[in-house]
Amino acid sequence: MADPIEPQSPDALHLEDALHREGADSSRATGTATVKRGLAEMLRGGVIMDVVDSTQAKIAEDAGAVAVMALERVPSDIRRDGGIARMSDPAMIEAIQAAVTIPVMAKCRIGHFAEAQVLESLGVDFIDESEVLTPADEAYHVDKWSFTAPFVCGATNLGEALRRISEGAALIRSKGEAGTGNIVEAVRHLRSILGDIRRITVSDDEELYGWAKDLRAPIDLVQEVAELGELPVPLFCAGGIATPADASLVMQLGAQSVFVGSGIFKSDDPASRAKAIVEATTHYVDPAIVAKVSRGLGDAMRGIQLAPSDTHLADRGW
Amino acid sequence: MKVGVLALQGAFREHREVLDALGCEAIEVRLPEQLASVDALFLPGGESTTIGKLLDSSGLRLPLRARIADGLPTFATCAGLIVLASEVLDGRPDQEPLALLDVSVRRNGYGRQVASFEAPLQVEGLAGAPFPGVFIRAPLIERAGPGVDVLAGHDGAPVLIRQGRIWAASFHPELSGDLRLHQRFLQQEVAA
């Protein structure tokens with residue numbers, strides 16, 4: 001224990017006194033980096049599930065999801081249908097907000113700050129500036145500092161992650177390859193981000209300038225990563241998680257929570273699979289528990305193996 | 001002295017980091033056998049519905065309730081406060097709190113994330129600068145029973161309370177960078 005602080009007064013104040021104490025400050029600072037990143041911390045060790053309506057949202061909440069992502073089509077359907085993927089209908093987002101008590105996230109297109117403004121006005125708890133939707137700007141992402149709502153952004157490597165953080169992202173997720181049910185891309189992205197962080201922590205001061213140049217990232221963030229040994233915001237995994245063991249894998253690699261998109265509601269038994277992935281994410285270090293929850297879940301989403309000529313959503317973002 | 005941090009879901013790592021900084025031996029609690037070995041417990045923020053479900057699936061609900069009822073010094077923050085409350089308003093119908101703390105709390109009583117805020121708090125008996133209060137989709141304490149001491153309030157509602165050896169905050173001392181409340185709790189409820 002550190003040094004003792006001042007002695008405790010024997011009588012704690014009761015309600016009336018506490019509420020009328022002089023000097024009690026009723027000012028409130030909203031939208032600060034601390035409260036934005038703080039919500040990301042609260043989601044740690046949890047599962048965020050893609051849902052397309054309030055029925056799915058309730059199934060997700062029943063299964064123990066820490067948040068839901070409201071969108072009109074899950075990524076595997078966006079991939080199948082083609083066309084332009086945009087922000088969801090506000091009425092659909094509001095229906096999901098009314099159906100659940102957990103945080104509700106929604107996606108805007110990369111660079112589409114007007115969609116982000118609409119989502120903020122709806123009271124969305126986290127805005128995902130997402131490569132799963134069709135990008136609106138080929139050069140710039142949204143200036144996320146100018147919003148009260150926090151943003152999550154995808155990244156395939158450390159430079160991309162730091163650029164998004166420099167723009168105000170409060171949470172980074174691997175992009176993976178949404179809608180494929182194939183974990184390989186998410187693993188590649190996590191290994192790239194976390195491997196470079198490990199290398200940066202053993203670099204000297206001169207080398208950090210080289211890292212900033214190579215990563216195309218601000219030097220102050222590179223220096224902060226070197227000091228912390230991790231990103232200054234939480235790192236979650238998204239893109240291709242379909243089984244409890246997938247969740248355990250990415251958590252052991254160093255992700256702090258998981259997003260599951262098509263993997264739940266494109267499987268045989270969404271409610272059971274959702275609950276199993278929640279338990280595997282909590283007990284990811286305990287293979288006996290991961291085995292127990294993996295039994296008898298029925299078929300996972302079928303999944304697809306992308307060819308080099310197929311559309312890679314992860315290539316979107318700059 | 002061994003201090004446990006319930007690590008089913010949420011901001012458990014931040015509590016561990018504060019405890020490490022204070023020189024305590026801290027362990028993460030996910031299973032009943034881990035709970036059995038601790039001398040004090042922190043219940044972190046997170047999603048109270050998720051934590052409630054994981055209390056059941058991990059077999060922790062009954063042993064946790066029994067140990068806290070038996071006088072285990074416990075500091076609950078945000079979702080942890082909801083888990084201990086005797087009444088939860090605006091929760092899920094199946095949300096069954098442990099009813100160890102005689103308060104009524106309203107989930108997200110301060111609003112959605114866009115209303116999350118920071119505010120300085122005057123804490124009873126804490127000298128020096130105000131304590132930095134970080135409120136994130138915070139629960140609102142709407143009623144506190146006669147056996148509950150209020151250690152801090154904000155805008156007309158209690159935000160830090162104590163009942164027996166249970167302390168509970170609707171805000172997040174573990175995110176504030178200020179160690180004083182963790183230190184004070186441990187000195188008063190455990191070291192004594």
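Protein chains get the first letters and strands the later ones, always in sequence-line order, with residue 1 at the start of each.
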What residue, out of [options], has the most heavy-atom pairs lying under 4.5 Å from chain B?
options: Pro103(A), Gly31(A), Ala40(A), Ala149(A); value: Pro103(A)
options: Gly46(A), Gly64(A), Gly45(A); value: Gly64(A)
options: Glu41(A), Glu279(A), Lys275(A); value: Glu41(A)
options: Thr148(A), Thr30(A), Thr101(A); value: Thr101(A)

[X] portion near chain A, given a 4.5 angstrom heavy-atom threshold:
X: Leu19(B); answer: neither
X: Ile136(B); answer: side chain
X: Arg30(B); answer: both
X: Ser116(B); answer: both
X: Ala79(B); answer: neither

Is [X] salt-bridged to [Y], cutoff N-O under 4.0 Å?
X: Arg92(B); Y: Glu61(A); result: yes
X: Arg44(A); Y: Glu14(B); result: yes
X: Glu118(B); Y: Lys36(A); result: no

* Steps toward side-chain contact (heavy atoms from CB on, under 4.5 Å) verdict (Leu54(B), Thr281(A)) -> CA-CA 11 Å; Leu54(B) 289 165; Thr281(A) 302; over 6 Å; no
* To do: Determine whether more than 12 heavy atoms belonging to other residues, nucleotides or ligands lie under 6.0 Å from atom CD of Glu142(B).
  =>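 Atom CD in Glu142(B) is packed in, count exceeds 12.
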* To do: Check the surroundings of atom CZ in Phe265(A): do more than 12 heavy atoms from other residues, nucleotides or ligands lie under 6.0 Å from it?
  =>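 For Phe265(A), atom CZ is crowded (more than 12 foreign heavy atoms under 6.0 Å).
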Tell me, side chain or backbone of [X] under 4.5 Å from chain B's heavy atoms, or both, or neither?
X: Ala63(A); answer: backbone
X: Gln256(A); answer: side chain
X: Asp62(A); answer: both
X: Ala67(A); answer: neither

For residues [X] and [Y], report the shortest heavy-atom separation together with the two atoms involved.
X: Gly45(B); Y: Met42(A); result: C-SD, 3.5 Å
X: Ser27(A); Y: Ala119(B); result: O-CB, 3.0 Å
X: Gln113(B); Y: Val35(A); result: NE2-O, 3.0 Å

* To do: Calculate, to the nearest 0.5 Å, the distance between atoms CZ and CG belonging to Arg137(B) and Leu39(A) respectively.
  =>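 Spacing of CZ (Arg137(B)) from CG (Leu39(A)) equals 6.5 Å.
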* Asked: Are any of the side-chain heavy atoms of Gln9(B) and Ser257(A) separated by less than 4.5 Å?
  ->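 No, too far: nothing below the 4.5 Å cut-off.
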* Asked: With a 4.5 Å limit on heavy-atom distance, are the side chains of Phe135(B) and Arg28(A) in contact?
  ->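 A side-chain contact under 4.5 Å is absent here.
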Under a 4.5 Å heavy-atom cutoff, which of [options] has the most pairs with chain A?
options: Ala11(B), Ser58(B), Gly177(B), Cys78(B); answer: Ala11(B)
options: Val134(B), Leu8(B), Thr49(B); answer: Leu8(B)
options: Arg107(B), Gln95(B), Glu174(B); answer: Arg107(B)

